[in-house]
Undergrad: 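One structure coming up, written as structure tokens, with questions to follow.
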Amino acid sequence: MKHIKKIFLLAVLLCLYCSLHAQSKPLSPADAMDVRKRISESAKTTASLEARFTQIKELSVIKEKIISKGVFYFKKEKLLRWEYTDPFPYLIIFNCDRIFVKDEDKENHISLQSNKVFREVNNILVGAVQGTLMADTKNFECTITDLRDEYQASMIPVNLKIKETLSEIILYFSKSDYTVDKLVMREVSGDYTHIEFSEKKINQNISDAKFTIP
Amino acid sequence: MRSLLFLNIILLLLLSACDPVKKSTLSLSQENQYKAPTWSSPFLKGFEKALFRTSLDVADKHLTGISIIKRTSDSSFHFTFSNEIGLTYFDMELYRNGFRPDYIFDPINKKSFLKILQSDFALLLFSESEGKPTRRYVQKGSGDAVYMYLGMHIYAFMDIKHNNLTGLAGWSNYFDAVLVRFEDYESGFPKEVQILNPKIKMVLTFTFLGG
């Protein structure tokens, strides 16, 4: 009787494991290609995107979180505006190869050509929104996994410069419209930053003035 | 005998060159008898952790973002500073006489700079009154009492009326001479903390966001 109970428990655990595993398995090359194609098609039709975002920075050593919030704007081809409202107002505008940062009353102009970190951050953000990051095989190795409600694209840097800072970038795409829902940047230090987009407005008119660098 | 005198003069000149406090901003107190003050860094008594808006200016670099200083034991603190997007610049455990870097952003990962930063944090986080001051001055303008502890290489600036520590100055060599300012106290903790290293032109500013 004891043996039957043990076997039954083992079978239940095995079923549970299989069920969980089935919900999050990496896609076959053909299916991954299909998902990439859908993401790419969605990105092609996304001329603009406006969304609220919540950014959580997890500090691994001291087990603390830093939470920031704000509004995100994207306009084709390479216009980005990050407007932080919490915990304090802060603005970053990426306009082609220039960056404008406004921190309280301090304004700072940065050239993407001269600042490698910002250049990489810009490439990652634009690539994430446009879905082109997954095609960047020069810099990343990509695995797509089918989760219950979304697709997860795990990007492992192969570029040595990116590898010095980031160990993985994970993008989560909505299964309904194939736009990016979440972005996770894992750092080599073990810390990670989780950015979640909400209240997404796709292809609504966003004034060019939002991206103007004074 | 002459060489000893010469050596003393050189030593005196070296010490005054390292000293970060301009004597012209102070006047020597006329009080001969005064009670030895009791003070400690605002990060020592009852401090657990704090979130700061932070900026660092050094050489041609201007870094901004958010930092956390957290007390991790009786003799250590943890300091993490990352930019607004979340990428880490510094992640280090700080001790009175050293530090353990967990991660340092490559462009600022310079041994000499980190050594200065460590001594700045030692002054900021671990300083407290020990023994009787060597001299007592009054700061011109603010009227703050300034206590000099020659053996410790420390000056402590005190707002006597509110019993607040308003500044610290310290040095162990020419390059690490540092001034720390504590401003806008609220419930016993400063809302603004600034570290200035005049010799290497470094300014590190912390604006308190929450505990």
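To find a chain, count down the sequence lines: A is the first, B the second, and so on, and within it residues start at 1. Computed from a predicted model, the values in this text were never measured in an experiment.
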Undergrad: Side chain from CB out, backbone as N, CA, C, O: work out which of these in A:I56 comes under 4.5 Å of a heavy atom of chain B, or both, or neither.
TA: neither

Undergrad: For chain B, which candidate among A:M185, A:Q55, A:H194 shows the most heavy-atom pairs at distances under 4.5 Å?
TA: A:Q55

Undergrad: Does NZ or CZ of A:R186 fall inside the cone over A:Y192's six-membered ring, less than 6.0 Å from its centre and within 45° of the axis?
TA: yes

Undergrad: Most heavy-atom pairs under 4.5 angstrom with chain A, which of B:E93, B:K70, B:R53?
TA: B:R53

Undergrad: At a 4.5 Å cut-off on heavy atoms, which part of A:I62 comes close to chain B: side chain, backbone, both, or neither?
TA: both

Undergrad: Non-hydrogen atoms of chain A under 4.5 Å away: do they reach the side chain of B:T207, the backbone, both or neither?
TA: neither

Undergrad: Please classify the contact of B:T88 with chain A as side chain, backbone, both or neither, using a heavy-atom distance under 4.5 Å.
TA: both

Undergrad: If I measure from the heavy atoms of chain B, does A:V188 come under 4.5 Å with its side chain, its backbone, both, or neither?
TA: side chain

Undergrad: Which of these, A:I93, A:T212, A:N95, A:N108, sits in a side chain to side chain contact (heavy atoms under 4.5 Å, CB included) with A:F100?
TA: A:I93

Undergrad: In terms of heavy-atom proximity below 4.5 Å to chain B, should A:D103 be classed as side chain, backbone, both, or neither?
TA: both

Undergrad: Examine whether an atom of A:E164 lies under 4.5 Å from a heavy atom of chain B, and if so say whether it belongs to the side chain, the backbone or both; otherwise answer neither.
TA: both

Undergrad: What's the shortest heavy-atom distance between B:S127 and B:L123, and which atoms?
TA: OG-O, 2.5 Å

Undergrad: Any idea which of B:T64, B:I66, B:D106 has the most non-hydrogen atom pairs under 4.5 angstrom with chain A?
TA: B:I66

Undergrad: Pick from A:T193, A:I195, A:V101: which one has the most heavy-atom pairs with chain B under 4.5 Å?
TA: A:T193

Undergrad: Specify the closest pair of heavy atoms between A:M134 and A:C142, including all atoms of both residues, with the distance to one decimal.
TA: CG-SG, 3.8 Å

Undergrad: Examine whether an atom of B:I68 lies under 4.5 Å from a heavy atom of chain A, and if so say whether it belongs to the side chain, the backbone or both; otherwise answer neither.
TA: side chain

Undergrad: Determine the interplanar angle of the A:W82 and A:F197 rings, folded into 0 to 90°, and report it as parallel if under 30°, tilted if 30 to 60°, perpendicular if over 60°.
TA: tilted

Undergrad: Taking the inter-plane angle between the rings of B:Y155 and B:Y137 on a 0 to 90° scale, is it parallel (under 30°), tilted (30 to 60°) or perpendicular (over 60°)?
TA: tilted

Undergrad: Would you call the rings of B:F113 and B:F90 parallel, tilted or perpendicular if under 30° counts as parallel and over 60° as perpendicular?
TA: tilted

Undergrad: For the pair B:N83 (side chain) and B:I85 (backbone), establish whether a donor and an acceptor sit closer than 3.5 Å, ignoring hydrogens and angles.
TA: yes

